[in-house]
Amino acid sequence: FNLLETILGKKPKELLIKDFETKLIKMGKLPQNSLRTLKEVVDAKKDFKKKKTTSHKVNEIRKNATLLINDLIDYSQRKDLMEFEKTVFL
């Protein structure tokens with residue numbers, strides 16, 4: 001969520017998820033499965049606090065979360081590069 005706050009601004013988690021869907025998924029900047037992964041991570045965190053998860057589920061979500069983090073880092077770097085190139089050409 002810290003990475004999402006860096007990209008989308010500091011907001012509550014519910015608004016971050018909605019903005020993630022509208023600004024990144026629906027605009028085609030990230031694949032659709034990223035939204036599903038984000039929702040799985042949120043649900044897994046709730047289940048973990050309630051101690052209702054299995055180690056298999058935790059490992060699967062950890063793997064998917066790593067892919068999501070990599071996608072977000074790539075997007076952030078592309079965004080920064082585009083802003084840098086705009087300033088260079090001006």
Side-chain angles (χ1 to χ4, degrees):
F1 280 100
N2 290 336
L3 188 54
L4 280 177
E5 286 178 356
T6 302
I7 295 171
L8 299 172
K10 196 148 181 95
K11 301 173 186 175
K13 288 184 181 181
E14 294 81 19
L15 284 177
L16 278 176
I17 294 170
K18 287 181 182 178
D19 282 353
F20 178 77
E21 182 176 5
T22 57
K23 293 182 180 176
L24 299 177
I25 302 298
K26 290 186 178 178
M27 299 296 272
K29 298 182 181 191
L30 289 176
Q32 182 68 31
N33 64 352
S34 297
L35 179 63
R36 181 178 45 84
T37 302
L38 180 63
K39 289 182 179 181
E40 285 178 357
V41 168
V42 171
D43 291 340
K45 189 173 180 181
K46 289 177 186 175
D47 289 345
F48 185 75
K49 287 183 179 180
K50 295 178 184 177
K51 299 184 181 191
K52 292 185 176 181
T53 61
T54 63
S55 62
H56 175 68
K57 184 176 179 182
V58 169
N59 287 332
E60 181 181 336
I61 291 174
R62 181 178 291 141
K63 180 184 76 163
N64 291 338
T66 302
L67 295 174
L68 175 64
I69 290 169
N70 289 337
D71 287 344
L72 288 172
I73 290 171
D74 288 342
Y75 171 75
S76 178
Q77 289 175 346
R78 284 192 316 256
K79 181 180 166 187
D80 291 342
L81 181 64
M82 293 297 288
E83 289 176 6
F84 177 73
E85 287 180 353
K86 286 180 183 177
T87 59
V88 169
F89 289 125
L90 295 178

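The structure places NZ of Lys57 at 10.0 Å from NZ of Lys52, a figure rounded to the nearest 0.5 Å. A distance of 12.0 Å separates CD1 in Ile69 from CG in Asp74, rounded to the nearest 0.5 Å. Atoms NZ and CG, from Lys26 and Leu24 in turn, are 12.5 Å apart once rounded to the nearest 0.5 Å. The NZ atom of Lys23 sits 13.5 Å away from the NZ atom of Lys18 when rounded to the nearest 0.5 Å. To the nearest 0.5 Å, the span separating CG on Leu4 from CG on Leu15 amounts to 12.5 Å. Taking OG of Ser76 as the reference point, atom CG of Leu81 lies at 11.0 Å (rounded to 0.5 Å).
A salt bridge links Glu40 to Arg36: at least one charged side-chain nitrogen sits closer than 4.0 Å to a carboxylate oxygen.
At least one side-chain heavy atom of Ile7 sits less than 4.5 Å from a side-chain heavy atom of Leu72.
Transitive grouping of hydrophobic side chains (ILVMFWY, heavy atoms separated by less than 4.5 Å) keeps Val41 and Leu16 in distinct clusters. No continuous path of ILVMFWY side-chain contacts below 4.5 Å connects Leu38 to Val58, so the two sit in separate hydrophobic clusters. Residues Ile25 and Leu3 share a single hydrophobic cluster, defined by chaining ILVMFWY side chains whose heavy atoms lie under 4.5 Å apart.
Dense packing is recorded around NZ of Lys11, with more than 12 heavy atoms of other residues, nucleotides or ligands lying under 6.0 Å away. More than 12 heavy atoms of other residues, nucleotides or ligands lie within 6.0 Å of CZ in Arg78, so this atom counts as buried by the packing criterion. Crowding of Phe1 atom CZ: a count of heavy atoms from other residues, nucleotides or ligands under 6.0 Å exceeding 12.
Considering every non-hydrogen atom in both Ile61 and Ala44, the closest pair reads CD1-CB, 3.2 Å. Across all non-hydrogen atoms, the minimal contact from Thr37 to Leu68 is CG2-CB, 4.0 Å.
Cation-pi contact between Lys29 and Tyr75: absent, since separation from the ring centre below 6.0 Å together with deviation from the ring axis within 45° is not met.
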Self-check item: Step-by-step side chain to side chain contact (heavy atoms under 4.5 Å, CB included) determination, Thr22 to Asp19
Solution: CA-CA 5 Å; Thr22 57; Asp19 282 353; 4.2 Å; yes
